[in-house]
Amino acid sequence: MAKVQEAGLTEPSKWLLPEGVELARATARRVELLPKMSRLKEELQKAVTTGNLEDLRKVVGEAKSSGFDSPANWLLAGGPACWESASSKLQFMDQRQQQQVRIEGDLQAKIPGQMSSTDALAVKALVAQLDAVGISGQKIDALKERSRALDEQVPLLRQLQECLVNKDLAQISDLLGKVTTAGLDSSGNWILPDGPKAHSNAKQWQSILQEGEADKSFEREDLAQQIDVLGFSLDTSAMKLLISQAQACGVNEEAVGGLSKRCGTIEKQRVCRQQLLQLGLTLSSVEQAIADSQAAGLDDRVKSLFPDGPMLVSRARAWQSHLKQLPDGKASLPQKEEKHMNDLKACISNQSVEAVDAVLEAARSVNLDKSDAWKSAGGDQMAALVELHLRRLLDDEGEADISKADLDWQMHLMSSTLDDHEVKELVGLEFAYALREQLNTMQEQLRHRQDLQACAVSDNLEHVQAVHLSAQKAGLDVASNWILPDGPRIFAMVVRHMNNLDKEAKAAKEAVGEIERQMAELQTSLDLPAMHAVLVRAEMCKVNKDLKNKVQERCDALQKQLVLRKELQACSVCEDLTKVQRVIASMHDAGLNSPSKWLVKDGPKLLARAIARQEQLSDVEAVKSRITAAASKYDVTGLQQALSSAYDLGIAQSQYASSQQLFLGLQDSKNVISKSEELRDSGKHDPVYNLMVSNLADQLKELGC
């Protein structure tokens, strides 16, 4: 163009060549546009690279106004591509900005509702979403503060509610200190509506415990006396209770340790003693029972805490000796002797004194000891085993349910309680005096019970009659007059021992009539020993078969139900869902799912409790399974619902901490996108991975992306 100007050809009239005019004009236009075009191209490239929306919008606008939105107007190579890239980037960023504004608007709309919510998980989730999109401000700060407060107050509220069953004053004071530190001693600072009331209740409970602390000095002295009393007891439940109370009150550690050692020894020896009371016909189990008893010190008169321990071990050794003398194989016996042998073997597991005695008497009456076949088959040894078993049953019959030492301890506790002036005011003087009179009566009955127990092994009839008469004058021949639960049984045992009922059947009809009368009464009874006894007697008489069958059926059903009842009782504290389900299934198998089938009165109630326990354990397991399943599939909606259910059931957060952390992490769209891309690359054709990716896509939609 400089040369054109130099030649004076800037004027169209100077050109002789007709196309020269247009070429000159075009070249001049090109010279004018190239600097601007070059600048805009550079600025477009820079704006695309930096991603600054305002800079990009400005340079795109200028390029468009200059006509560079049309590729044909670009004179520089790469110009149209720069324009296309910049305009596309601007469109994308505009859409993204609009989407961001919409997401922020949606999240902002949720804030007012969550500012009055007590759902800690929902508030925490919203805070995570707000942080993920970078929203800040006073409202967001207030929401974060509410989330923090809920995290602090929810555990404190639960602890305040639970402390009402805690008697540890130090723990309760520490908890109330934490509440004060958190500023929650002022009711206005609580977010949770139940907080002020729970705090007030905890403070009242603290005051009650503080008042009781003043009486602990006297209580320690009283507990020390009780420890001395229980030093002769066999009641481990009472010992454990007393040990826990003594430790809480700071009673002498040496005394508590001595009682604790005694308690542990009794528990070991009781297991061994129970084995000795249930000896069978298996030699190895008998030898093991003897070895265990020796290891526990039950055979030592000094170490054995059970008075009958050495005697039981001695009998077990005799039992072992007789078992060793039994022939290995089954010897052939005449039919009559075979029946007696089978009856004797069956007696080993029979707990009825009358039934065992009757079988022994029947065997003696036919002079089996003179039969060589009987002796070769081990008949004498089997009879000796049954005699040992009978002796054991007779001893058990005269044994008290509650020892004198335990009764003395219980009466001491009651007496100490009645001496308390506040207790007298609480229960009323008339009732307190009635209880005191009851204690005096129990003391008198305890003396009679001891005399009656001594009669069980006395051969002096006059002495037995005198003791019986003394108890009778005290009105103890009437079962309802006994306060001690085992009194009627021990009295009945002495009556039977004293009378030594004539075993010769004087009148078969009278015997049959009496047995049938007893059977008729026992059709509605729960007295298993009485049923066993009358059934054994019925075997020796021609009684009504239908009546006998009814009693036998009731006896069998009652025995079975008592075993099942124990299993149901254990279900109330069982943490094993499978075990509870197995017990309930066994009830259905036994036909006891219908209340009318139960003979034991509390059976239906115990079954209902077991079913409730099963449902409770099932709910916990189901929620934990839902949490695990939802977390494994990245199902955020399902995971939130499951976590909320876990909150409601009070399941410890430590049991699903990783799942909760995952849930909070998935409130950030960046994490969701990252995890989605990772899964998409890992398993393109796996249905499970596809489901995970789909769930993550749903979460992105929920987050507004």
Side-chain angles (χ1 to χ4, degrees), residues 221-239 241-242 259 262 266 305-308 353 393-500 527 529-530:
E221 183 179 344
D222 182 60
L223 288 172
Q225 293 177 358
Q226 293 182 43
I227 288 175
D228 291 339
V229 174
L230 284 187
F232 301 94
S233 171
L234 296 175
D235 188 345
T236 52
S237 298
M239 289 181 189
L241 175 62
L242 184 58
L259 186 62
R262 177 182 177 85
I266 289 174
L305 300 181
F306 288 89
D308 60 353
V353 172
L393 293 178
L394 290 170
D395 290 342
D396 288 347
E397 205 171 33
E399 186 180 348
D401 291 341
I402 308 174
S403 69
K404 182 178 182 301
D406 293 327
L407 284 172
D408 285 340
W409 174 68
Q410 292 176 15
M411 288 190 290
H412 168 75
L413 286 181
M414 183 63 73
S415 180
S416 299
T417 303
L418 291 176
D419 288 338
D420 191 307
H421 178 69
E422 293 182 358
V423 173
K424 288 181 180 179
E425 288 187 351
L426 180 64
V427 302
L429 289 176
E430 184 178 350
F431 186 67
Y433 290 144
L435 283 177
R436 178 69 67 183
E437 187 64 28
Q438 192 89 327
L439 284 176
N440 294 335
T441 302
M442 187 181 294
Q443 188 68 49
E444 182 66 19
Q445 287 190 10
L446 186 57
R447 181 183 64 79
H448 282 292
R449 192 188 74 172
Q450 283 183 285
D451 293 341
L452 289 169
Q453 282 181 283
C455 287
V457 293
S458 175
D459 293 328
N460 188 328
L461 182 58
E462 291 182 359
H463 172 68
V464 175
Q465 287 175 333
V467 172
H468 173 265
L469 182 61
S470 175
Q472 195 173 41
K473 287 180 179 179
L476 298 179
D477 55 334
V478 179
S480 59
N481 291 342
W482 279 94
I483 298 175
L484 302 176
D486 50 13
R489 172 172 57 78
I490 294 175
F491 183 84
M493 178 269 297
V494 171
V495 170
R496 183 169 61 252
H497 182 59
M498 179 187 68
N499 293 334
N500 195 17
D527 189 347

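Starting from 1, each residue takes its place in the sequence as its number. Since the structure is predicted, the reported quantities are computational estimates derived from the model, not experimental observations.
Between F491 and H468, the ring planes are parallel. Angles under 30° get that label, and only those over 60° would be called perpendicular.
With sequence neighbours left out, A474 forms a side chain to side chain contact (heavy atoms under 4.5 Å, CB included) with H448, L476. In this structure, the side chain to side chain contact (heavy atoms under 4.5 Å, CB included) partners of N440, at least two apart in sequence or on a different chain, are R436, E437. Looking at residues two or more places apart in sequence or on another chain, you find a side chain to side chain contact (heavy atoms under 4.5 Å, CB included) between L469 and Q472, K473.
Atoms CD1 and CZ, on I490 and R449 in that order, are 5.5 Å from each other to the nearest 0.5 Å. Rounding to the nearest 0.5 angstrom, the gap separating the CG atom in D451 from the CG atom in L446 is 10.0 Å.
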